[in-house]
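Written below as structure tokens is the structure these notes are about.
Chain letters run A, B, ... following the sequence lines, proteins first and then strands; every chain starts at 1. Side-chain atoms are counted along with the backbone in the values below, which use heavy atoms only and exclude waters and symmetry mates.
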Amino acid sequence: MSGVFEQVWALVRQIPPGRVTTYGQLAQLIGRPRGARLVGYAMSACPSGSSVPCHRVVNRFGGTTTAFDTLAPGTQRALLEAEGVAFTPEGCVDLSRHLWQPPGR
DNA sequence: GAGCTGACGGGGG
DNA sequence: CCCCCCGCCAGCT
């Protein structure tokens with residue numbers, strides 16, 4: 001606890017449905033502007049069964065990750081689309097429309 | 001107990 | 001403008 005991962009999870013948990021954020025944005029929020037990687041690691045370490053909607057975290061291009069495709073490809077995309085998130089023809093999230101705006105700014 | 005890997009991003013050459 | 005390298009934390013072998 002009190003670890004960087006916990007801080008990341010706490011933020012991700014605040015993301016409302018239909019909204020997404022990027023690894024870099026979370027990194028900045030936890031005080032690690034260059035720690036985008038850590039955010040990704042925090043997601044992989046995300047405990048299953050927790051209330052952390054890790055599927056709402058995408059890379060800077062809005063692209064989904066293959067790490068969700070453990071069972072079937074396009075899992076993350078399907079979850080987001082179910083929440084009303086629009087995707088571009090390139091297969092990326094339309095960040096201009098769905099990027100989460102963190103509190104306190 | 002130590003080293004490697006793992007869901008990224010930005011800066012420099 | 002494109003490609004390579006570095007930074008960072010925690011868990012597993």
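- For residues 10-30 of chain A, proximity to DNA chain C is found at no residue, defined as any non-hydrogen atom under 4.0 angstrom from a strand atom.
- Using atom P as the reference point in both B:dG12 and C:dC8, the two lie 15 Å apart (nearest Å).
- Atoms OG1 and CH2, on A:Thr22 and A:Trp100 in that order, are 10.5 Å from each other to the nearest 0.5 Å.
- Hydrophobic clustering of Ile, Leu, Val, Met, Phe, Trp and Tyr side chains at less than 4.5 Å, counting indirect connections, keeps A:Val57 apart from A:Phe68.
- Near DNA chain B, meaning a heavy atom under 4.0 Å away, the residues from residues 56-70 of chain A are A:Asn59, A:Arg60, A:Thr65, A:Ala67, A:Phe68.
- Looking only at side-chain heavy atoms (C-beta outward), A:Gln76 and A:Leu80 come within less than 4.5 Å of each other.
- Cluster membership for A:Leu11 and A:Val4, using ILVMFWY side-chain heavy atoms within less than 4.5 angstrom, is shared.
- Note: the hydrophobic cluster containing A:Val12 also contains A:Tyr41 (ILVMFWY, side chain heavy atoms under 4.5 Å, direct or indirect links).
- A:Gln14 contributes atom CD, which lies 15.0 Å from atom CZ of A:Arg19 (distance to the nearest 0.5 angstrom).
- Evaluated for a side chain to side chain contact (heavy atoms under 4.5 Å, CB included) with A:Ile15, the options A:Val20, A:Thr21, A:Val52 yield exactly one hit, A:Thr21.
- With a cutoff of under 4.0 Å to any heavy atom of chain A, the contacted region of DNA chain B is bounded 5' to 3' by B:dG6 to B:dG11.
- Between A:Glu81 atom CD and A:Thr64 atom OG1 the span is 9.5 Å, to the nearest 0.5 Å.
- Heavy-atom minimum distance, A:Cys54 versus A:Cys46: SG-SG, 3.8 Å.
- Here A:Met43 contributes atom CE and A:Phe5 contributes atom CZ; the two are 9.0 Å apart, rounded to the nearest 0.5 Å.
- Near DNA chain B, meaning a heavy atom under 4.0 Å away, the residues from residues 37-45 of chain A are A:Arg37, A:Gly40, A:Tyr41, A:Met43, A:Ser44.
- Listed here is the closest heavy atom pair of A:Val58 and A:Gly63: CB-O, 3.5 Å.
- For C:dG7, neither phosphate oxygen OP1 nor OP2 lies less than 4.0 angstrom from any side-chain nitrogen or oxygen of A:Arg32.
- When all heavy atoms are compared, the tightest approach of A:Tyr23 to A:Thr65 is OH-CG2, 4.3 Å.
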Quiz item: So what does the secondary structure string of DNA chain C come out as, 5' to 3', with Watson-Crick or wobble pairs under 3.5 angstrom, [ ] for crossing and | for pairs with another strand?
Solution: .||||||.|||||
Exercise. Show your reasoning for whether side-chain contact (heavy atoms from CB on, under 4.5 Å) applies to A:Leu26 and A:Ile30.
Key: CA-CA 6 Å; A:Leu26 289 173; A:Ile30 64 174; 5.7 Å; no
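- A side-chain donor-acceptor contact under 3.5 Å links A:Trp9 to the backbone of A:Ala42.
- Across the P atoms, B:dA7 and C:dC3 are found 23 Å apart, a figure rounded to whole Å.
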For residues 83-99 of chain A, run the donor-acceptor check on the side chains, cut-off 3.5 Å, and write out each pair with its distance to 0.1 Å, sequence neighbours left out.
residue: A:Glu83; atom: OE1; partner: A:Gly18; partner atom: N; Å: 3.2
residue: A:Glu83; atom: OE1; partner: A:Arg56; partner atom: NE; Å: 3.1
residue: A:Glu83; atom: OE2; partner: A:His55; partner atom: NE2; Å: 3.1
residue: A:Glu83; atom: OE2; partner: A:Arg56; partner atom: NE; Å: 3.2
residue: A:Glu83; atom: OE2; partner: A:Arg56; partner atom: NH2; Å: 2.8
residue: A:Thr88; atom: OG1; partner: A:Glu90; partner atom: N; Å: 3.4
residue: A:Thr88; atom: OG1; partner: A:Cys92; partner atom: N; Å: 3.3
residue: A:Thr88; atom: OG1; partner: A:Cys92; partner atom: O; Å: 3.2
residue: A:Asp94; atom: OD1; partner: A:Ser96; partner atom: N; Å: 3.2
residue: A:His98; atom: ND1; partner: A:Gly18; partner atom: O; Å: 3.2
residue: A:His98; atom: NE2; partner: A:Ala86; partner atom: N; Å: 3.0

